[in-house]
Amino acid sequence: MNRATLADYWQGYFHYRDNATELYQLAQENLEIEVERARGLDRPFIDSQQSIGRILTEFGSQHRFHRQFREQLPDLHPNQILGMHLYDIMINDEDTWIYTETQHPGHLFPHATYFMPQI
């Protein structure tokens, strides 16, 4: 990723990645599980909103992710940050994933769908 070409809000992701390392690693592990799950589908795809929602719901039972995120990153939104985290994983994946931005009326931030083209 070329930081020079990214929107300013990406600075929040880099702050999270570089300073909230325990949260970053926990999310990394769970996002990689989502990518592996998708890779096993007949038509591999990931809807970022669904995947991130599933992960954040699972974190809800543990409480520590949400509590620590609010404490360490009070001005950031977990859904948005994990969306950027997923994007970072997908562009660095050895397989080719196609990114498609999806915007729904009333959503502040777009979410994305990633799919692997049929060979």
For atom CZ of R43, is the number of surrounding heavy atoms from other residues, nucleotides or ligands below 6.0 Å larger than 12? no

Cation-pi check, R64 to F59: give yes when NZ or CZ is under 6.0 Å from the six-membered ring centre and within 45° of the ring axis, no otherwise. no

In short, salt bridge (Lys or Arg N to Asp or Glu O under 4.0 Å) pairs touching residues 27-37 with sequence neighbours left out are E34-R37, E34-R54, E36-R39

Interatomic distance, CZ@R17 vs CG@L23, rounded to 0.5 Å, equals 15.0 Å

What distance do L56 atom CG and N30 atom CG have between them, rounded to the nearest 0.5 Å? 9.5 Å

Which value, rounded to the nearest 0.5 Å, describes the distance between T57 atom OG1 and I52 atom CD1? 11.5 Å

Are W10 and Y87, when compared by the centres of their aromatic rings, separated by less than 6.0 Å? yes

Please list all pairs meeting ring pair (Phe, Tyr, Trp, His ring centres under 6.0 Å) that have one or both residues in residues 17-54, counting only residues at least two apart or in different chains. Y16-Y24, Y24-H85

So CD of Q11 and CG of D18: to nearest 0.5 Å the spacing works out to 9.5 Å

Tell me whether H66 contacts the main-chain N or O of P78 through its side chain, where contact means a donor paired with an acceptor under 3.5 Å. no

Would a 4.5 Å heavy-atom cut-off, applied to side chains only, mark F14 and L6 as touching? yes

If we ignore hydrogens and angles and just use 3.5 Å, is the side chain of D88 paired with the main-chain N or O of M84 as donor and acceptor? no

Are V35 and I98 connected, step by step, through hydrophobic side chains (Ile, Leu, Val, Met, Phe, Trp, Tyr) whose heavy atoms are closer than 4.5 Å? no

Looking at I89, is its backbone amide N or carbonyl O close enough to the side chain of D93 to form a donor-acceptor pair, meaning the two atoms are under 3.5 Å apart? no

Applying side-chain contact (heavy atoms from CB on, under 4.5 Å) to T96 and M116, what does each step give before you reach the verdict? CA-CA 6 Å; T96 299; M116 212 180 283; 5.6 Å; no

What residue among L31, N79, L26, L86 forms side-chain contact (heavy atoms from CB on, under 4.5 Å) with I55? L31

Residues that, via side-chain heavy atoms closer than 4.5 angstrom, fall in one hydrophobic cluster with I33: none

With heavy-atom distances below 4.5 Å as the criterion, would you say the side chains of I46 and F115 are in contact? no

Closest non-hydrogen atom pair, A20 against L73: CB-CD1, 4.2 Å

Is any side-chain heavy atom of F69 closer than 4.5 Å to a side-chain heavy atom of P74? no

